[in-house]
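The structure displayed is predicted, hence computed values, not measured ones. Excluded from the calculations below are hydrogen atoms, water molecules and symmetry mates; all remaining heavy atoms, backbone and side chain alike, are included.
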Amino acid sequence: MPSLYDIISDLRREHQTPSAARTLDLVVSELGTTQDNLKAALARLDGRPVPAGGEEVLEELASRAHAAGVDDEEIPLAPDEIRASKEKLDASQLGIGVLLGGTALLSMALTAAAIVFGLNQVLHWF
């Protein structure tokens, strides 16, 4: 049974035009964002412009993938992949966060003090 990428590779060999190559490149880039789910990738491409002649390539890709049963695969991330995608905080990132938070608090405190001072001056002017 061919994989989705085998089908795309076959289509690249059969349709050796620049527009077909650009269309398949668009599909591959969308597959990266949809975790290799062709139906979701084609749905995302539905409203976007496709190079001339690319619609036929997309239809052929969809029909071949459906016939092979690889068009609607749901591939969840493994727990190891989820853990590996999260970065650990190091001391420099923590220090930057503390400095940014402290600066924000200091500016809010100075703004509040300026408002209180200004209102005090206005109210005691009379």
Side-chain angles (χ1 to χ4, degrees):
M1 178 168 97
S3 74
L4 182 59
Y5 291 99
D6 291 336
I7 295 170
I8 291 172
S9 179
D10 290 341
L11 286 172
R12 283 189 193 277
R13 282 190 294 275
E14 292 171 14
H15 302 280
Q16 294 185 0
T17 63
S19 63
R22 283 193 301 264
T23 302
L24 291 172
D25 288 342
L26 287 172
V27 171
V28 170
S29 69
E30 289 299 328
L31 286 173
T33 60
T34 62
Q35 296 182 353
D36 293 342
N37 186 317
L38 182 63
K39 281 188 179 179
L42 292 177
R44 288 176 56 115
L45 282 176
D46 194 30
R48 294 175 47 191
V50 178
E55 289 294 328
E56 295 82 21
V57 175
L58 289 177
E59 290 172 9
E60 190 172 349
L61 172 62
S63 66
R64 286 187 187 186
H66 181 69
V70 294
D71 60 334
D72 197 18
E73 293 183 338
E74 293 289 332
I75 303 173
L77 292 176
D80 294 338
E81 290 177 306
I82 293 172
R83 271 187 242 108
S85 67
K86 294 181 182 176
E87 290 185 28
K88 294 188 178 16
L89 289 177
D90 62 358
S92 66
Q93 292 170 326
L94 189 61
I96 290 171
V98 168
L99 285 175
L100 287 172
T103 304
L105 286 175
L106 180 64
S107 66
M108 287 175 52
L110 289 174
T111 302
I115 290 171
V116 169
F117 179 75
L119 285 175
N120 190 23
Q121 292 295 318
V122 169
L123 294 176
H124 292 299
W125 183 57
F126 294 110

Which heavy atom of Leu24 sits nearest a heavy atom of Ile8, and at what distance? CD1-O, 4.0 Å
Quick one: closest heavy-atom pair of Ile7 and Ala65, and the distance? CD1-CA, 3.8 Å
Counting distance only, does the side-chain N/O of Ser19 pair as donor-acceptor with the main-chain N or O of Pro51 below 3.5 Å? no
List the steps and the verdict of salt bridge (charged side-chain N to carboxylate O under 4.0 Å, His left out) for Arg13 and Asp10. CA-CA 5 Å; Arg13 282 190 294 275; Asp10 290 341; 2.3 Å; yes
To the nearest 0.5 Å, how far apart are CG in Leu61 and CG in Leu4? 6.0 Å
Do Glu56 and His15 get their side chains close enough for a donor-acceptor pair, meaning under 3.5 Å? no
List, by chain and then residue number, the residues other than Val116 in its hydrophobic cluster (Ile/Leu/Val/Met/Phe/Trp/Tyr, side-chain heavy atoms under 4.5 Å); write none if there are no others. none
Looking only at heavy atoms, which two atoms of Gln16 and Arg12 are closest? And how far apart? CG-O, 3.4 Å
The reported gap from CD in Glu59 to CZ in Arg64 (rounded to nearest 0.5 angstrom) is 13.0 Å
Validation: residues 87-95 side-chain donor-acceptor distances under 3.5 Å, sequence neighbours left out:
residue : atom : partner : partner atom : Å
Asp90   : OD1  : Ser92   : OG           : 3.1
Asp90   : OD1  : Gln93   : N            : 3.1
Asp90   : OD2  : Ser92   : OG           : 3.3
Gln93   : OE1  : Asp90   : N            : 3.1

From Ser29 atom OG to Arg44 atom CZ, the distance as rounded to the nearest 0.5 Å: 8.5 Å
Looking at every heavy atom in both Pro49 and Leu26, which two are closest together, and how far apart are they? O-CD1, 4.3 Å
Could you tell me the separation between the CG atom of Leu38 and the CD atom of Glu30, rounded to the nearest 0.5 Å? 11.0 Å
Does the side chain of Asp6 come under 3.5 Å of the side chain of Ser9 through a donor N or O and an acceptor N or O? no
Between Ala62 and Leu42, what is the shortest heavy-atom contact and its length? CB-CD1, 3.8 Å
